[in-house]
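Residue indices begin at 1 and follow the sequence shown.
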Amino acid sequence: DFGDTKKLLEIGLQVAEGLKYLRDVHGMVHGDLKPDNILIDGAGSANVVAKINDFGGAVKITDNEHDDEEHTPAYTRPYRDRGQLKQRYYSDDIYALVLALMQKLYETEISSALNLIDPDFYTLPTLIKHQKALNRLAIQLVVSKNKVPKNLRWAFVRALTYNREKSISLEELIEELKRAVKTSEV
């Protein structure tokens, strides 16, 4: 039902605009964006307001050294959890936002796949071990299922790329979310 998807995309748009504000005004990356850190005010009403919460993992983008423990591995690009890169980037927040939206859009499909991959999936070592497989699953869901509006599918795939230089920009994601909210074409 696109009605539910549309409401979720409106929430995603508000969060993306909040991330842009955090970046533009404060020069910061949230660093631990996940569904638990997105508060919804007015759920069930016509005027839903999304608020970003828990800034314990937020860092100034100019910081070269910081504690890299303040993030949730499930919402982190795979290369970061393997110690390949310590610095945080704005594209990491975009990745986490799209993953959080996908978790809500494809809850049933993702839960089924997780049970097939490993019944002990929610332990940290297992989560890290299977993160690349989950990323591929997320991309396959975007491409093959009709829960994401057509114009937004490529934007989601770009957000989930391993290569941060090829990731979609925050401005592009905001524009694509705005366009998706306006249309009911799935």
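Formation of a donor-acceptor pair under 3.5 Å by the E176 side chain with backbone atoms of W154 is not found in this model. With hydrogens and angles ignored, the 3.5 Å screen pairs a side-chain donor or acceptor of K6 with a backbone N or O of V181. In terms of modelled atom types and a separation under 3.5 Å, the side chain of N37 and the main chain of D32 share a donor-acceptor contact. D93 contributes a side-chain N or O that, together with a main-chain N or O of H30, makes up a donor-acceptor pair within less than 3.5 Å.
To the nearest 0.5 Å, atom CD1 of residue I94 and atom OG of residue S169 are 6.5 Å apart. In this structure, CG in L177 is found 7.0 Å from CG in L101, a value given to the nearest 0.5 Å. We find the CD1-CG distance between I38 and L33 to be 4.5 Å, quoted to the nearest 0.5 Å. Between the CG atom in L170 and the CD atom in E175 there is a gap of 11.0 Å [rounded to 0.5 Å]. L13 contributes atom CG, which lies 11.5 Å from atom CG of L8 (distance to the nearest 0.5 angstrom). Between atom NZ of residue K60 and atom NE2 of residue H26 there is a gap of 8.0 Å, rounded to the nearest 0.5 Å.
Shortest non-hydrogen contact noted between P149 and A180 is CG-CB, 3.9 Å. Taking every heavy atom of both residues into account, E17 and K178 meet most closely at OE2-CE, 3.6 Å. Across all non-hydrogen atoms, the minimal contact from Y90 to M28 is CE2-O, 3.4 Å. F156 and L9 get closest at one heavy-atom pair: CZ-CD2, 4.4 Å. Here the shortest heavy-atom pairing between V15 and A50 reads CG2-CB, 3.9 Å.
The closest side-chain heavy-atom distance from E10 to V48 is not below 4.5 Å. No side-chain heavy atom of I168 sits less than 4.5 Å from a side-chain heavy atom of V98. With a 4.5 Å cut-off on side-chain heavy atoms, I40 and I11 count as touching.
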Under the side chain to side chain contact (heavy atoms under 4.5 Å, CB included) criterion, do N151 and T183 qualify, and how do the steps go? CA-CA 9 Å; N151 72 294; T183 182; 4.2 Å; yes
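Applying the side-chain hydrogen bond (donor to acceptor under 3.5 Å, both in side chains) test to D24 and every residue at least two apart in sequence or in another chain returns K20.
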